[in-house]
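Here the structure is laid out as structure tokens; the discussion comes afterwards.
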Amino acid sequence: MGNVTPMLREATPEVEALELELLLEALLQRYGYDFRGHERAALRRKLRAVMRQRGLRTLSQLQDRVLHEPGAASSALRALHVPPATLFDDIDEARQLRQLVGASLRGAALPRIWLADCAGAEQAWTLAIILADEGLLEQTEIHATVASDELLAEAQDATITQEQLANYQAGYARSGGQGELSRYFAASGKRLAPTVALRSHITWAQYNLVTDASFNEFNLIVCRRALPDFGPVLRQRVLNLFHGSLAPFGILGLDRAIDAADALAPHYAAMPQPGWCRRIA
């Protein structure tokens, strides 16, 4: 009888769990990115999407590609990081920021905002535009941090098309913006980029929430898009990091309220906007 090729089967849950841990270790050892503290369900969902795109059946197959093909590694890391935002894509958050920026920034000598694990250039532009609308941009520094050098380069070089800008106008108006969004953009070749007046108040940096220490004191810290994927140990580590980086009476924007049983809870008072709180001690 000739050789018979065995039928490929999906990995059992137990094997897939082991494959996932090995893949996370490979990403850490090979590329220096540590996702071991993330929720496993979120990791599996994101990685399965990469597998479907590449016609792979198991995480072991994906690990092999990640270790040997830069393109596969880039795809996997991009999937695991915060998905990119578009201008005014979260209307509720934009409205909340309009209500909160004055309370957090007015009265500060040199107001600083930290967009931690920022969802790309357009999330930072959204915040800068809101500050400009509220008359607060001129005296405010926005520090936007991302998890990789690749994401950093993309954010610093980002542009949009005229068509995209026209489509963003409706979201801007729904968030409370007045007038034309186009006044905040200028031509960059055949595309559009924020004006120098807007961009000059955004400082970009690569920063790892898993390992890096506090680097400044801020009046407002926003990290609403990355936190849902963090497991309990990593989440607590990040909350402690934010607490050590937040000025007295500063405002913290999270995906959900700090748990009442958390040791940090007595230091914060909930704001009317869900997920936002003010440091009181």
Side-chain angles (χ1 to χ4, degrees), residues 82-108 111-146 155 158 160 163-185 192 194-195 197-199 201-203 218-230 238-239 242 245-247 249-258 268-280:
V82 183
T86 57
L87 272 178
F88 294 94
D89 63 348
D90 189 331
I91 303 301
D92 288 339
E93 180 175 288
R95 287 173 176 163
Q96 292 165 3
L97 280 167
R98 288 189 187 279
Q99 298 165 3
L100 292 168
V101 289
S104 62
L105 303 182
R106 287 193 174 94
R112 297 186 185 93
I113 300 174
W114 181 13
L115 289 178
D117 258 15
C118 182
E122 295 186 43
Q123 184 186 18
W125 299 350
T126 297
L127 175 58
I129 290 168
I130 290 171
L131 291 171
D133 283 351
E134 301 299 317
L136 293 166
L137 182 63
E138 283 301 313
Q139 65 267 31
T140 303
E141 296 179 357
I142 301 171
H143 294 261
T145 61
V146 292
I160 58 174
E163 181 180 9
Q164 286 175 304
L165 182 61
N167 291 336
Y168 294 153
Q169 178 65 37
Y172 172 64
R174 288 173 57 203
S175 78
Q178 303 291 320
E180 294 298 319
L181 186 57
S182 59
R183 70 187 185 276
Y184 292 117
F185 289 84
L192 299 171
T195 61
L198 207 70
R199 286 187 287 116
H201 292 275
I202 304 173
T203 299
F218 299 93
N219 306 94
L220 174 64
I221 299 175
V222 182
C223 186
R224 294 166 61 86
R225 304 193 187 213
L227 279 174
D229 290 345
F230 291 0
V238 172
L239 290 179
F242 291 161
S245 305
L246 190 64
F249 307 108
I251 292 177
L252 184 58
L254 308 173
D255 59 321
R256 64 177 188 266
I258 296 176
Y268 291 88
M271 307 289 287
Q273 299 80 1
W276 299 86
C277 55
R278 182 191 293 276
R279 181 172 180 174
I280 56 174

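Looking at Phe218 and Ile251, their side chains never come closer than 4.5 Å, going by heavy atoms from C-beta outward. For the pair His143 and Leu115, the minimum side-chain heavy-atom distance is 4.5 Å or more. Looking at heavy atoms from C-beta onward, Ile113 lies out of side-chain contact with Asn219 at the 4.5 angstrom threshold. Counting only heavy atoms from C-beta outward, the side chains of Tyr268 and Leu252 approach each other to under 4.5 Å. Residues Asp90 and Arg225 form a side-chain contact, since some pair of their non-hydrogen atoms from C-beta on lies under 4.5 Å apart. You'll find the side chain of Ser245 reaches within 4.5 Å of the side chain of Ile221, heavy atoms only. Residues Glu141 and Pro111 have side chains not in contact (no heavy-atom distance under 4.5 Å, counting atoms from C-beta outward).
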Take Gln96 and Met271 through the test side chain to side chain contact (heavy atoms under 4.5 Å, CB included) and record every step on the way to the result. CA-CA 10 Å; Gln96 292 165 3; Met271 307 289 287; over 6 Å; no
Run the numbers on Arg224 and Asp117 for salt bridge (Lys or Arg N to Asp or Glu O under 4.0 Å), then give the verdict. CA-CA 9 Å; Arg224 294 166 61 86; Asp117 258 15; over 6 Å; no
Can you list the steps and then say if Cys118 with Val82 is a side chain to side chain contact (heavy atoms under 4.5 Å, CB included)? CA-CA 8 Å; Cys118 182; Val82 183; over 6 Å; no
Residues Trp276, Val222; criterion side chain to side chain contact (heavy atoms under 4.5 Å, CB included); working and verdict: CA-CA 9 Å; Trp276 299 86; Val222 182; 4.0 Å; yes
Start with the C-alpha distance between Leu254 and Phe242, add both sets of side-chain angles, then the distance that settles side chain to side chain contact (heavy atoms under 4.5 Å, CB included), and finish with yes or no. CA-CA 10 Å; Leu254 308 173; Phe242 291 161; 4.3 Å; yes
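Rounding to the nearest 0.5 angstrom, the gap separating the CD atom in Glu134 from the CD1 atom in Ile129 is 12.5 Å. Atom OH of Tyr184 and atom CG of Leu198 lie 7.5 Å apart (nearest 0.5 Å). Residue Ser182 holds its OG atom at 9.0 Å from CG of Leu192, rounded to the nearest 0.5 Å. From Thr140, atom OG1 reaches atom CG of Leu131 across 5.5 Å, with rounding to the nearest 0.5 Å. Between atom CG of residue Leu165 and atom CD1 of residue Ile160 there is a gap of 4.5 Å, rounded to the nearest 0.5 Å.
Listed for the Arg199 side chain is a donor-acceptor partner under 3.5 Å among the backbone atoms of Pro194. A donor-acceptor pair is defined here as one N or O able to donate and one able to accept, closer than 3.5 Å; such a pair exists between the side chain of Arg278 and the backbone of Phe249. For the pair His201 (side chain) and Leu137 (backbone), a donor-acceptor distance under 3.5 Å is present. Panel note: side chain Gln123, backbone Ala119; a donor-acceptor pair is recorded below 3.5 Å.
Residues passing the ring-ring contact (aromatic ring centres under 6.0 Å, His included) test with Phe185 are Trp125, sequence neighbours excluded.
Closest approach of Ala269 to Ile280, counting heavy atoms only: CB-CG2, 3.9 Å. The nearest pair of heavy atoms linking Ala155 to Ala121 is O-CB, 3.6 Å.
Using modelled atom types, one finds a donor on one side chain and an acceptor on the other under 3.5 Å when comparing Trp114 with Thr145.
The only member of Asp89, Ile91, Leu97 that meets side-chain contact (heavy atoms from CB on, under 4.5 Å) when paired with Glu93 is Leu97.
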Please tabulate, for the side chains in residues 168-175, all donor-acceptor contacts under 3.5 angstrom to protein atoms that are two or more places apart in sequence or on a different chain.
unit_1 : atom_1 : unit_2 : atom_2 : d
Tyr168 : OH     : Glu122 : OE1    : 2.9
Gln169 : OE1    : Leu181 : N      : 2.9
Gln169 : NE2    : Gly179 : O      : 3.0
Tyr172 : OH     : Asp133 : OD1    : 3.1
Tyr172 : OH     : Asp133 : OD2    : 2.9
Tyr172 : OH     : Gln178 : O      : 3.2
Tyr172 : OH     : Arg183 : NH2    : 3.1
Ser175 : OG     : Arg98  : NH2    : 3.4
Ser175 : OG     : Tyr172 : O      : 2.8

